[in-house]
Structures are given as C-alpha cells and as structure tokens.
Amino acid sequence: MPLKTVLDEAGLQAGAKWIVAEGADAAALTRSIPIEKCLDDAMLVYSQNGERLRPQQGYPLRLLLPGFEGNMNVKWLRRLKVVAEPAYSREETSKYTDPMPDGTSREFTFYMEAKSIITRPSGGQKLTTQGFHEITGIAWSGHGKVKSVEVSLDEGKSWQQAELQEPVLTRALTRFRLPWLWDGKPAVIQSRAIDETGYVQPTLAELVKVRGLNSFYHNNAIWPWRIDANGEVTNGQA
Ligand SMILES: Nc1nc2c(c(=O)[nH]1)N[C@H]1C(S)=C(S)[C@@H](COP(=O)(O)O)O[C@H]1N2
Ligand SMILES: [Mo]
C-alpha cells in the first residue's frame, strides 16, 4: 500500500518535512525519510510473493523505499512520526554518515548506486578443472535499470560485455553471465555495472580518492576475485 494513502488519510500539517520510521526490534532501527519520498513511491508492505511477510522480513509491516539502500527499509514497523527535522538517530549518524577527507560529513545518502558482484566463481570457492567455467553474478541500481555489465579477466585491462538475463527490471537484481575458458593460470576476474543513467560502477581506488578511508557503509566499488593456479578463489582487492 502506498504510504501516501495513509498520510493523505491522516492529513499533513504545513512544515512536515521528514518522517521518522521506527522498528519494533530490540535495536528499534530509526531512520529519517524525506517527505517527498514518502509522498512519492514509498510503500507500507504486508505481503510479498503471495504470502504475508515472513518474520525475518519484517512481519507484520515493513517500510519499502524503492531505489534507496535496503538498510532504509525498516522492518517490524511500529511508529511513523511526521516532523520538521530529521531524527539524527544512532544508525544515521554513527553508521550511515561518511566522514569525508576534507572534514565534512556526507549524510543522508539514500540512493543505491549501481553495483555488481560475481557470485561464481567467488571467494571461498575452488575451481577443480581447467577449461570451461561460466562466470555469473548479479547487478543492481537504485536509479533504474541495469543497462549493461562488463567483465574483466585481466586485472581490469580490458572489459567484455556480459549477457543479461531477462527480464531486466528497474531497481531489481539483474543476473549476468559470461562464458570463460580458464587456462589454469592465476587470474583476477571482476565485474562492473552501468545503469540506465550512464553511471559506471567505480573501482575501489576511484571511490577512496573521493571518499577517503574513514567510511565503508556505502561502498559500491568493483569487487575483484583472485583465482590461484590451484583454483582457489580469494579476495582480489589489492
Ligand atoms: N527494524 C529493523 N529494520 C531493519 C534492520 C534492523 O536492524 N531493524 N536492518 C536493516 C538492514 S541494515 C538491512 S541490510 C535490511 C535487511 O533486510 P532483509 O532481512 O529483508 O534482507 O533490513 C533493514 N531493516
Ligand atoms: Mo545491513
């Protein structure tokens, strides 16, 4: 159900700028959401896939903010407060605010920027044979559809177009795949997502250059996997 329906029913006073949503878990996850989002496509969710929400997913009611990072979707929703200022709750200050290299704070960054990750072969797995392996993973973006995913097999020197599995839906996980003949030599494989706005998933070095080293909660950087000569797959981040 659109959150807007409930807000229209209750009536909003002038000066309503934020809504503070609170969960009923022990941590009482509390997050501030701009009123524009609440009146746009925010949803109060009580079921998914034809059944009631499962307890782990926030039964009986969960906030869903399409395109925002999933951590904003408050589960076990017990309170919505319409206010003039954000709450500056524990999670949104100590965790999801990024201390920047120039001493400022990057706060209230809601949208999920394009990201992808190779799920096979990936860390902890082991290739037992040389030859054919399908590289596959998932990509997603809070800003719309995944336009393409590129895969590099040579430490980022060159990139190839992966195949996207249909249907490619806006702000939804999109599976990609690329056939690969492994010659048994050490290799670094990585993927990068490009979304319909043209945004290209950055390397970790590019991200660190802008955001510094004091934050990682919004890290959407490319994640490389290193494959050893014996087939073992480990974290390939230099
Ligand atoms: N009430 C409440 N909601 C919450 C959380 C929480 O701790 N309490 N965690 C958030 C975080 S950090 C994430 S990643 C997602 C996880 O959602 P999922 O369990 O459906 O995967 O829920 C979000 N909603
Ligand atoms: Mo999380």
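Positions are given from 1 along the sequence. Read the numbers this way: they start at 1 and go in the same order the structure lists the ligands and their atoms.
R177 and Q165 are linked by a side-chain donor-acceptor pair at a separation below 3.5 angstrom, with hydrogens and angles left out of the test. A donor-acceptor contact closer than 3.5 angstrom links the side chains of E92 and S32.
Both the backbone and the side chain of N71 come within 4.0 Å of ligand 1, counting heavy atoms alone. The proximity of Y217 to ligand 1, defined as any non-hydrogen pair under 4.0 Å, does not occur for either the backbone or the side chain. Under 4.0 Å from ligand 1, the heavy atoms of N73 that appear belong solely to its backbone.
Between R54 and the options Q56, E51, Q57, a side-chain hydrogen bond (donor to acceptor under 3.5 Å, both in side chains) holds for only E51.
Around NZ of K145, the count of heavy atoms belonging to other residues, nucleotides or ligands within 6.0 Å does not exceed 12.
Atom CG of L44 is separated from atom SG of C38 by 9.5 Å, given to the nearest 0.5 angstrom.
For atom 9 (N) of ligand 1, the nearest non-hydrogen atom of the protein is L29 CD2, 4.1 Å. With respect to atom 18 (P) of ligand 1, the closest heavy atom belonging to the protein is K75 NZ, 3.6 Å.
Numbered from 1 in the order shown, with element, the atoms of ligand 1 that lie under 4.0 Å from a heavy atom of G23 read 1 (N). When each atom of ligand 1 is checked for a heavy atom of Y96 under 4.0 Å away, the hits are 12 (S). The ligand atoms of ligand 1 that sit less than 4.0 angstrom from a heavy atom of Q57 are 20 (O). For ligand 1, the atoms closer than 4.0 angstrom to any heavy atom of W76 are 1 (N), 2 (C), 8 (N). Against a heavy-atom cut-off of under 4.0 Å, D25 is close to the following atoms of ligand 1: 1 (N), 2 (C), 6 (C), 7 (O), 8 (N).
Put simply, part of G70 is less than 4.0 Å from ligand 1, judged by heavy atoms.
Note: H143 and Y111 meet the aromatic proximity criterion, with ring centroids under 6.0 Å apart. Here F110 and Y96 keep their ring centres 6.0 angstrom or further from each other.
Between atom 17 (O) of ligand 1 and the options Q56, R62, E91, Q48, the minimum heavy-atom separation is to R62.
Listed for the T197 side chain is no donor-acceptor partner under 3.5 Å among the backbone atoms of D195.
Contact annotation for atom 21 (O) of ligand 1: protein absent (non-hydrogen atoms, distance under 4.0 Å).
Note that R192 lies in the cation-pi zone of W159, set by a 6.0 Å cut-off to the ring centre and a 45° limit from the axis.
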